[in-house]
Student: 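Attaching a single structure in structure tokens format; questions to follow.
These numbers come from the heavy atoms of this one structure, side chains and all, not from hydrogens, waters or symmetry mates. Each chain gets a letter, A, B and so on, in the order its sequence line appears, and its residues count up from 1. From a predicted model like this one, the values you see are computed outputs, not experimental measurements.
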Protein chains: 2
Amino acid sequence: MPTLRQFEIFVKLAETGNMGEAAGGLGLTQPALSQQLRALEDRLGLRLFERVPKGMQLTPAGRDLVAGARSVIAAARDFRDAADHVAAKPAGSIRFGVSPTIGPYLLPAVIKILHERYPDLRLFMREGIPTAQHAALAAGELDMVLSPLPIAGRGLQVEPLFREPLRIVAPPDDPLHDKTSLVHEDFRGRTFLTLDHRHHYHRQLMDICDKLGASVLSDYEGTSLDALQQMVGSGVGLAILPELYIRSDAGGLDMVRIAEPDDWTEYRSLAAAWRPSAAYADLYAEVAQIIADEARKRARLQLI
Amino acid sequence: MPTLRQFEIFVKLAETGNMGEAAGGLGLTQPALSQQLRALEDRLGLRLFERVPKGMQLTPAGRDLVAGARSVIAAARDFRDAADHVAAKPAGSIRFGVSPTIGPYLLPAVIKILHERYPDLRLFMREGIPTAQHAALAAGELDMVLSPLPIAGRGLQVEPLFREPLRIVAPPDDPLHDKTSLVHEDFRGRTFLTLDHRHHYHRQLMDICDKLGASVLSDYEGTSLDALQQMVGSGVGLAILPELYIRSDAGGLDMVRIAEPDDWTEYRSLAAAWRPSAAYADLYAEVAQIIADEARKRARLQLI
DNA sequence: CCTGCTCAATAAGATATGCTAATGGAGGCG
DNA sequence: CGCCTCCATTAGCATATCTTATTGAGCAGG
């Protein structure tokens with residue numbers, strides 16, 4: 001295969017018809033160019049130029065091939081320009097794994113900010129089970145993950161962002177709302193809805209139910225907080241929803257109402273994670289900061 | 001500018017995700033590939049791959065750039081394929097200069113033969129004044145010329161092909177046709193039409209007119225033999241037309257008739273010329289041979 | 001006809017590049 | 001805990017590539 005330099009020489013010489021001039025244009029000397037041209041012609045097994053008294057003249061074959069040579073160096077130039085552009089500021093597609101318990105309600109605003117700051121950056125959001133996404137992150141199938149703690153992966157950079165209150169919601173007509181003050185005993189024997197058991201949310205909910213003496217509705221595992229809210233609203237049971245979801249457009253308190261014990265202090269902690277070896281590790285840290293800022297803007301959340 | 005090899009490495013590694021495998025596929029060892037990859041990343045100023053435990057994983061930037069790298073090596077491959085094809089048998093465009101006094105009546109058949117023999121060869125015929133074309137040939141602006149002798153250019157390979165009778169034609173109703181036998185005196189005072197004075201034809205015609213005591217119509221200089229024939233047919237004067245033209249489809253003897261002295265023996269000699277330094281010099285010699293053969297097939301012409 | 005000019009080819013040597021072989025080091029897995 | 005996989009690093013060597021200096025061919029002008 002010819003060298004890129006040889007392609008450049010071919011094209012430049014076709015333009016100038018003069019070895020010395022072409023050599024100068026490429027920043028080398030005439031003998032070097034002469035040798036490279038010969039090497040190219042030898043490699044191709046044909047004569048590209050004819051040596052006429054006035055200089056170099058394309059052969060018929062050369063006339064046909066020069067267009068192809070041009071497109072090679074054009075492609076190389078395009079590549080280099082794209083690389084320069086990418087190197088100047090982050091660009092490309094970041095594969096972002098999020099838990100469905102947080103992503104849809106917080107990330108749209110984050111994406112908007114990122115898009116303004118890095119127009120060439122694209123975020124591919126993929127929702128999934130946090131533990132599975134941690135593995136995918138470690139394996140390089142995702143670039144960054146936003147999920148509740150704990151995050152297990154070995155060799156991952158885990159950046160805790162904020163902790164978010166978990167709220168107990170009940171149907172609007174639930175007797176719980178009749179009392180002005182609630183205690184743990186009021187929840188004894190009640191049934192809570194939950195998400196897919198592989199979510200960390202599930203384990204946390206079970207712990208909470210233990211404390212309250214409540215039980216988990218095992219027949220149903222939702223796939224989204226919206227689904228849980230719908231179920232609660234229709235009287236199937238109680239649920240625990242994160243603060244940011246309730247404050248979001250999707251959440252709200254139209255279908256359900258908050259009903260908690262007076263000493264209620266359950267939280268969940270959210271964190272971002274990425275591979276510290278990643279090329280864009282700095283950028284991911286910045287994204288994490290943006291997420292934390294955005295979350296705190298929406299609710300007075302505590303840092304961890 | 002990155003090396004072509006580096007582009008190949010980039011693409012191959014993006015496909016395999018494994019240095020050893022990619023190196024094997026490219027016929028080199030793993031360290032060489034590792035070094036080249038580093039050199040490429042350094043040159044671009046960005047990380048294309050992320051080193052994860054399982055192997056190499058594209059960074060977001062790398063994912064964006066790999067398509068460009070692919071198109072570079074695709075262009076290079078296309079070029080090499082085209083060059084191989086051209087090297088296998090003559091191809092390209094041969095710029096062929098011809099005199100309008102011979103080209104249109106002889107070359108179509110030659111082109112047909114060449115096209116059968118070398119399907120990838122294209123002939124660009126350019127008509128023009130022979131002396132100008134000789135200069136263009138020497139300067140490398142034409143690859144081959146077919147014209148009447150003499151051909152002046154220095155350092156040109158001139159290959160005489162055949163000599164062709166020149167015929168005197170007169171209008172059908174000209175008194176010349178009444179006689180069974182003509183002598184030079186019959187043409188004294190008659191007027192001959194001619195082509196552009198820069199054609200060698202013009203000088204030869206003036207010589208002939210001198211011998212016959214005839215004169216040249218100086219008001220009109222045709223640009224083609226067809227035009228001359230038309231003029232003669234309409235009674236403007238006499239003309240001299242080459243044998244091959246008269247025998248061609250365009251020529252024929254519908255509008256004019258031959259009227260010559262009994263001892264008439266005027267000829268013109270045609271030759272092909274090219275630069276002996278040309279890459280396709282052998283091919284041009286072959287073309288010259290084809291032209292000579294074709295001409296002799298049409299009329300019993302003498303070799304020179 | 002000789003001389004000078006232009007332009008390409010060649011020679012020789014310095015340098016840079018690209019490769020291999022051998023080794024080191026980090027992380028995963030039984 | 002040791003082995004295995006995979007990438008990085010190093011040293012050494014072959015070759016490619018460039019530079020300077022020189023030669024050679026063709027043309028123009030005196």
Student: Could you note down all residue pairs passing salt bridge (Lys or Arg N to Asp or Glu O under 4.0 Å) where residues 2-18 of chain A supplies at least one of them, sequence neighbours left out?
Tutor: Arg5(A)-Glu8(A), Glu15(A)-Arg70(A)
Student: Once each nucleotide of nucleotides 6-12 of chain D is scored for protein heavy atoms under 4.0 Å, what B/S/- sequence comes out, 5' to 3'?
Tutor: SBBBBB-
Student: Quick one: list whatever passes side chain to side chain donor-acceptor pair (under 3.5 Å) with Gln35(B), sequence neighbours left out.
Tutor: none
Student: In chain order, what residues pass the side chain to side chain donor-acceptor pair (under 3.5 Å) check against Gln204(A), with sequence neighbours excluded?
Tutor: none
Student: OP1, OP2 of dG18(C) versus side-chain N and O of Thr3(B): anything below 4.0 Å?
Tutor: yes
Student: Leu4(B) has an atom CG; how far is it from atom P of dA16(D), in whole Å?
Tutor: 16 Å
Student: Nearest whole angstrom, please: distance from the C1' of dC19(C) to the CD of Gln6(B).
Tutor: 14 Å
Student: Could you state the atom-to-atom distance from CD1 of Ile9(A) to P of dA8(C) in whole Å?
Tutor: 13 Å
Student: Using whole Å, what does the distance between atom P of nucleotide dT17(C) and atom CG of Leu33(B) come to?
Tutor: 18 Å
Student: Looking just at side-chain N and O atoms, do Ser147(A) and His134(A) make a donor-acceptor pair shorter than 3.5 Å?
Tutor: yes
Student: Using atom CZ of Arg5(B) as one end and atom C1' of dT17(C) as the other, report the distance to the nearest whole Å.
Tutor: 13 Å
Student: State which residues pass side-chain contact (heavy atoms from CB on, under 4.5 Å) with Met206(B); sequence neighbours excluded, sorted by chain then number.
Tutor: His202(B), Val216(B)
Student: Kindly state each residue pair satisfying ring-ring contact (aromatic ring centres under 6.0 Å, His included) with at least one member in residues 17-38 of chain B, sequence neighbours excluded.
Tutor: none
Student: To the nearest angstrom, how far is Leu28(B) atom CG from dT15(D) atom P?
Tutor: 17 Å
Student: Would you kindly give the CD-to-C1' distance between Gln36(A) and dA9(C), to the nearest whole Å?
Tutor: 15 Å
Student: In whole angstrom, give the distance that lies between atom CG of Leu40(A) and atom P of dA9(C).
Tutor: 13 Å
